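Since the structure is predicted, the reported quantities are computational estimates derived from the model, not experimental observations. Side chains are part of it too, since the values below use all heavy atoms of this structure and drop only hydrogens, waters and symmetry mates.
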There are 2 protein chains.
Amino acid sequence: MFSASARTQYAIRAMTNLARRPNRTATAAELARTESIPAKYLEGIMARLKVTGLVESERGKNGGYRMATDPANISMLQIVEAIEGRIKPVGCLEHEYTCAIVDGCHPRSFWLGLKNTIDTYLSEKSLKEVSEG
Amino acid sequence: MFSASARTQYAIRAMTNLARRPNRTATAAELARTESIPAKYLEGIMARLKVTGLVESERGKNGGYRMATDPANISMLQIVEAIEGRIKPVGCLEHEYTCAIVDGCHPRSFWLGLKNTIDTYLSEKSLKEVSEG
DNA sequence: TAATAATCCTACTATTCCGATAGGAATAGA
DNA sequence: TCTATTCCTATCGGAATAGTAGGATTATTA
Ligand code: FES
Ligand code: FES
């Protein structure tokens, strides 16, 4: 429970690495090598980071990825949500507004409080901080 | 990511229900019915809650489960850990002290901070609060 | 224009985990 | 002895995860 998937850990390692290369592009293969991530697997992760606008890419020779914006303006929550975008139906924690047994469910506010606590932590941490940590 | 397993949600619902029955025992079947939990599945959950000392049990006719201690003295962290006791090897978040690439891993303190944030929230919430929520 | 190096795309596999069920053994009360 | 309960072990199907394979597209460069 509350464990980060390998995919999310990889995404964060790749982003922190990229954030330390201002304005420079790095290939997926290079990021994979320096962060010990399976190269082919990372390709799919970078794709997700791109569609959410966190990174930009250049195809062809000398291509690669670069930050789309200042790491100081990217929150860790944005990265996590870029990767774990899918919403799983696990009751209290997921369905914020509607739920089958909402009326008789005492723990509901507990779950919402937990979700809020996590979201707050993640949204207050910038990629810049983490990449320098 | 950060989603609570059904097992954990069931455990918490069962515990909050039990906490509202001071000194009384309830059978697993009864808890299952009033909380819409698969009966046989709940049996296994109650077993885990027992070995960690959160509930006591009585076998045989008129048996059942009862709180082992005052709900005000049980933290939600205790319940969560009773269920999710197994430690999965997912790097930064799990291995608190030893990790393969600890030296070069910038996100490490980020992960530890997140874990600490969650643990703090859970340990400061008592079962009593949640069962009344 | 041909070779090369990169992103991008689609599909597949293998394994693990999860939620749930089945069937019964041990135990205690009536 | 009957019944109601906890307790134990085994199994199953489905979903998600981590990772691989193979190539199509695109841009640079010689
Ligand atoms: S099960 Fe829906 S709010 Fe708790
Ligand atoms: S991978 Fe181990 S501390 Fe980050």
Side-chain angles (χ1 to χ4, degrees), chain A residues 1-14 18 24-33 35-66 68 80 83-91 93-94, chain B residues 1-14 18 24-33 35-66 68 80 83-91 93-94:
Chain A
M1 191 195 200
F2 308 136
S3 65
S5 64
R7 186 142 53 198
T8 298
Q9 294 183 63
Y10 289 162
I12 289 175
R13 292 227 296 277
L18 204 55
R24 284 192 48 230
T25 69
T27 68
E30 190 176 351
L31 291 173
R33 185 164 30 78
E35 290 290 344
S36 303
I37 302 170
K40 268 299 194 182
Y41 195 49
L42 181 58
E43 283 187 17
I45 294 171
M46 296 312 292
R48 299 196 194 199
L49 294 172
K50 189 191 174 181
V51 298
T52 53
L54 294 177
V55 303
E56 292 169 348
S57 68
E58 215 78 42
R59 296 176 72 160
K61 200 161 182 179
N62 297 336
Y65 297 92
R66 104 176 60 81
V80 167
I83 300 302
E84 315 272 335
R86 178 183 36 81
I87 292 182
K88 281 187 295 191
V90 283
L93 199 49
E94 309 293 337
Chain B
M1 192 196 199
F2 308 135
S3 64
S5 64
R7 187 141 52 197
T8 298
Q9 293 183 62
Y10 290 161
I12 289 175
R13 291 227 296 277
L18 203 56
R24 286 191 47 229
T25 69
T27 68
E30 191 176 351
L31 292 173
R33 186 165 28 78
E35 292 289 344
S36 303
I37 301 170
K40 267 298 192 181
Y41 195 49
L42 182 58
E43 284 187 18
I45 294 171
M46 297 311 292
R48 300 194 195 199
L49 293 171
K50 189 192 174 182
V51 298
T52 53
L54 294 177
V55 302
E56 291 169 348
S57 68
E58 215 77 42
R59 296 175 72 159
K61 200 161 184 178
N62 298 337
Y65 295 92
R66 103 176 62 80
V80 167
I83 301 301
E84 315 272 338
R86 178 182 37 82
I87 292 180
K88 280 187 297 189
V90 283
L93 200 48
E94 311 293 336

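- For B:Y65, there are no ring pair (Phe, Tyr, Trp, His ring centres under 6.0 Å) partners at least two apart in sequence or on another chain.
- The distance between atom CD of A:Q9 and atom C1' of D:dT17, rounded to the nearest whole Å, is 13 Å.
- A:E56 places its CD atom 15 Å from the P atom of D:dA27, with the value rounded to the nearest Å.
- Partners of A:E58 under the side chain to side chain contact (heavy atoms under 4.5 Å, CB included) rule, at least two apart in sequence or in another chain, are A:R66.
- Identified under the side-chain hydrogen bond (donor to acceptor under 3.5 Å, both in side chains) test for residues 45-54 of chain B, with sequence neighbours left out: B:K50-B:S57.
- In this structure, B:I37 atom CD1 and C:dA20 atom C1' are separated by 13 Å, rounded to whole Å.
- If you take CG on B:L18 and CD on B:E30, they are separated by 9.5 Å, rounding to the nearest 0.5 Å.
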Detail all sub-3.5 Å separations between protein N/O atoms and N/O atoms belonging to nucleotides 11-14 of chain D.
none

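- For the pair A:L42 CG and D:dT20 P, the interatomic distance rounds to 12 Å; values are reported in whole Å.
- Partners of B:R59 according to the side-chain hydrogen bond (donor to acceptor under 3.5 Å, both in side chains) rule, which considers only residues two or more places apart in sequence or in another chain, do not exist here.
- B:T27 is linked by a side-chain hydrogen bond (donor to acceptor under 3.5 Å, both in side chains) to nothing, counting only residues two or more places apart in sequence or in another chain.
- Two residues are said to be in side-chain contact when any heavy atoms from C-beta on lie closer than 4.5 Å; B:Y10 and B:P38 meet this criterion.
- If you measure from atom CZ of B:R7 to atom P of C:dA20, you get 10 Å, rounded to the nearest angstrom.
- At a threshold of 4.5 Å between non-hydrogen side-chain atoms, the residues B:L31 and B:I37 do not count as touching.
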- Heavy-atom protein contacts under 4.0 Å, nucleotides 3-10 of chain C, coded B base, S sugar-phosphate only, - none: -BBSBBB-
Give each protein N/O atom lying under 3.5 Å from an N/O atom of nucleotides 12-16 of chain C, with the pair distance.
none

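- Distance A:R48 CZ to D:dG19 P: 13 Å, rounded to the nearest Å.
- For B:R24, the side-chain hydrogen bond (donor to acceptor under 3.5 Å, both in side chains) criterion is met by no residue, not counting sequence neighbours.
- A:A28 and A:L42 make their closest contact through O-CD2, 3.4 Å (heavy atoms, listed as atom of the first residue, atom of the second, distance).
- Partners of B:E43 according to the side-chain hydrogen bond (donor to acceptor under 3.5 Å, both in side chains) rule, which considers only residues two or more places apart in sequence or in another chain, do not exist here.
- Look at B:Y41 and you won't find any side-chain N or O under 4.0 angstrom from OP1 or OP2 of C:dC18.
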